[in-house]
Each structure stands twice: as structure tokens, then as C-alpha cells.
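Values in this document were obtained by computation on a predicted structure and should not be read as measured data.
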Amino acid sequence: MENKVTADYLDKEGCLHCGICGKRKQMKVSLMGFEHVVSCLCECEVKARQELDEKMQREEAQRLLYQRKSVGLRERRFWEWKFENDNGSNQKTLIARQYVENWTDMKRKNVGLLLMGPVGTGKSFFAGCIANALLEQGERVMMTNFSRILNEMTSYQADKNQIIQNLVDYPLLIIDDLGIERNSEFALEQVYNVIDSRYCKMLPLIITTNLGLNEMKSTDLDTAHQRIYSRILEMCVPIYCGGEDKRKEEGTEKLVQVQNLITG
């Protein structure tokens with residue numbers, strides 16, 4: 001049943017009352033010996049203003065979140081990597097959730113994560129879940145990869161020191177797919193500079209990589225790689241993300257869907 005709109009009415013003092021909640025929308029006050037009728041808010045108007053304020057606050061929060069994601073999540077696919085989109089197939093998601101829940105301590109103690117494992121086992125997804133969850137809490141997070149960083153550094157008139165400083169300024173930096181970047185002397189030097197700058201500022205770092213722990217600890221590595229991996233292992237707790245290749249699973253599901261459409 002729809003609510004009927006009731007007209008406002010005057011009381012015996014000539015002050016206007018709300019026809020819905022019955023509260024005054026006007027009241028009389030004495031000022032310097034004279035009576036004045038002044039407006040006031042009834043319960044309906046107070047509620048309406050509160051709802052409008054809350055709506056504006058939500059819209060502003062969404063605008064700021066969009067702004068943080070636009071800056072911090074360098075690839076649009078990262079935006080959809082959220083805990084609510086997890087299919088529960090990998091128990092390592094629990095570690096990612098706990099990291100977010102204990103973020104204040106993780107940041108204070110400079111605890112990072114090294115998410116390791118074969119291609120398609122969810123490493124980048126877990127890192128993206130952490131990034132999105134913290135961004136939604138109002139934290140500033142950057143998720144990128146060294147290939148993109150190095151491209152920025154080699155662009156025309158790039159200020160390498162400023163690029164590194166910008167990366168250091170984020171409370172959390174996430175580097176996706178360590179090991180895919182080119183291994184030139186310049187590249188390795190800049191990779192080390194970014195990681196070491198975070199280390200010196202005692203700011204946490206999350207890294208995903210297809211490299212194995214034995215590879216990163218190998219004494220056969222050249223000096224440049226050894227100092228990069230040594231610094232990472234000082235900063236990050238190694239987490240092995242095993243299991244089936246999620247990309248193959250998704251590909252199989254899509255193939256079945258296509259076959260069903262064709263035969264159906």
C-alpha cells in the first residue's frame with residue numbers, strides 16, 4: 001500500500017507543521033521584544049538531508065577509490081582481482097586475506113610476500129586481491145611490473161630518480177612477474193635500486209615470480225642477480241602457490257561453453 005502524501009498544516013500558534021511526521025517546520029522566537037517566525041527542520045527533512053549527505057559521501061568515496069585504482073593498478077585486469085571473485089580452489093588465498101587483515105602490523109614490521117610458483121597458479125590474482133582490498137580501505141597501493149617501470153625510465157627526458165621516489169612513496173608496492181624483464185646491465189641496476197630503496201625506507205614489498213626458491217638462492221648467479229634476489233629474500237616471506245594452471249581451467253570452461261552453444 002502506497003503512503004499517502006499529507007499536506008502540511010498550521011498549528012494554533014500559526015507555525016507550520018509537517019503533514020507526514022507532524023513535527024514543526026517553523027517556530028516562534030522572541031528577539032529584542034518582538035516575536036519572529038523562523039524555519040526549522042522537521043524529522044523528514046533531517047532524514048532527507050542525512051540521506052543526501054551519506055549519498056554524497058559514498059559518491060566521493062567511490063570517486064577517490066576510482067582515482068586510487070586508476071593510478072595504482074596499472075593494468076585494467078587487476079581491477080577484477082578481488083577476494084569475492086575467488087573460486088576457493090587454492091588455500092593460499094587465506095594467507096592473502098590474513099595479510100590484509102593484519103596490514104597495520106605488516107606495514108609497521110615491513111613484512112612483504114614473495115609469491116612463487118608455475119604459470120597460472122594464482123600468484124598475480126592473490127597479489128591483486130591484496131591490492132584491491134587495501135585500496136578499498138583507503139590505502140595507497142601500486143601494482144606494476146619491472147618491464148613497465150623500465151620502459152618509463154628509458155622514455156624521453158625521464159627522471160629515473162623521480163620514478164624510483166614515486167615508487168618508494170607508496171605504502172605498499174607490488175611487482176608482478178619478476179624475471180620477465182630484460183637483463184641488461186641498466187635494467188638490473190634499476191631493478192635493484194627500486195627494491196633497495198624500499199628496503200632502506202622499511203616499506204613492504206610483494207613480488208610474484210615464476211622463479212623457484214632454489215634458482216633465487218643459487219650461487220651460480222652473477223653478482224647483479226644475487227644482490228637483487230638476496231635483498232628480496234630479506235624483505236619477503238616466500239609463499240609457494242601450487243596447483244593446476246587456472247588459465248588452462250578457464251580455457252577449458254570456455255571451450256565447453258562454445259561447444260554447448262554450437263551443439264545446442
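Lys123 approaches Thr209 most closely through the heavy-atom pair CE-O, 3.2 Å. Between Leu150 and Gln190 the shortest heavy-atom distance is CD2-CB, 3.8 Å. Pairing each heavy atom of Lys82 with each of Phe125, the nearest pair is O-CZ, 3.5 Å. Between Lys107 and Pro204, the closest heavy-atom pair is CA-CG, 4.1 Å. Closest heavy-atom contact between Leu172 and Tyr99: CD1-OH, 4.1 Å. Shown here for Leu211 and Tyr229, the closest heavy-atom pair between the two residues is CD1-OH, 3.3 Å.
No side-chain heavy atom of Tyr66 sits under 4.5 Å from any side-chain heavy atom of Arg63. At least one side-chain heavy atom of Glu75 sits less than 4.5 Å from a side-chain heavy atom of Asn145. Val237 is listed as a side-chain neighbour of Ile239, based on a closest heavy-atom distance under 4.5 Å. Inter-residue side-chain proximity for Leu188 and His225 is flagged as met; some heavy-atom pair is nearer than 4.5 Å. The side-chain heavy atoms of Cys236 and Leu113, taken from C-beta on, include no pair separated by under 4.5 Å.
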Please assess Asn110 against Lys201 for the test side-chain hydrogen bond (donor to acceptor under 3.5 Å, both in side chains), listing each intermediate value before the final yes or no. CA-CA 9 Å; Asn110 185 22; Lys201 291 287 186 178; over 6 Å; no
Given the rule in the salt bridge (Lys or Arg N to Asp or Glu O under 4.0 Å) test, do Glu13 and Arg24 qualify, once you have shown the distances and angles that lead to the verdict? CA-CA 11 Å; Glu13 295 179 356; Arg24 283 187 173 186; 3.1 Å; yes
Kindly indicate, with the supporting measurements, whether the criterion side-chain contact (heavy atoms from CB on, under 4.5 Å) is fulfilled by Arg231 and Met235. CA-CA 6 Å; Arg231 185 63 89 215; Met235 301 173 67; 4.1 Å; yes
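Environment of NZ in Lys160: sparse, with no more than 12 heavy atoms of neighbouring residues, nucleotides or ligands closer than 6.0 Å. Heavy atoms of other residues, nucleotides or ligands lying less than 6.0 angstrom from CG of Asp105 number more than 12. For Glu60, the CD atom sits in a packed shell: over 12 heavy atoms of surrounding residues, nucleotides or ligands are nearer than 6.0 Å. For Lys28, the NZ atom is densely surrounded, since the number of other residues' heavy atoms within 6.0 Å is greater than 12. The local environment of CZ in Arg140 is crowded, with over 12 non-hydrogen atoms from other residues, nucleotides or ligands closer than 6.0 Å.
Test Ile206, Thr208, Ile232 against Leu114 for side-chain contact (heavy atoms from CB on, under 4.5 Å) and you get one pass: Ile232. Just one residue in the list Leu173, Asp169, Asn166 forms a side-chain contact (heavy atoms from CB on, under 4.5 Å) with Met142, and that residue is Leu173.
Checking Asn132 against Glu136 by side-chain atom types alone, no donor-acceptor pair falls below 3.5 Å.
Taking a cutoff of 4.0 Å between a charged side-chain nitrogen and a carboxylate oxygen, Lys47 and Glu54 do not qualify as a salt bridge. Between Glu152 and Arg74 there is a salt bridge, since a side-chain N of the basic residue sits under 4.0 Å from a carboxylate O of the acidic one.
Between His17 and Tyr9, the two ring planes are parallel [angle under 30°; tilted spans 30° to 60°].
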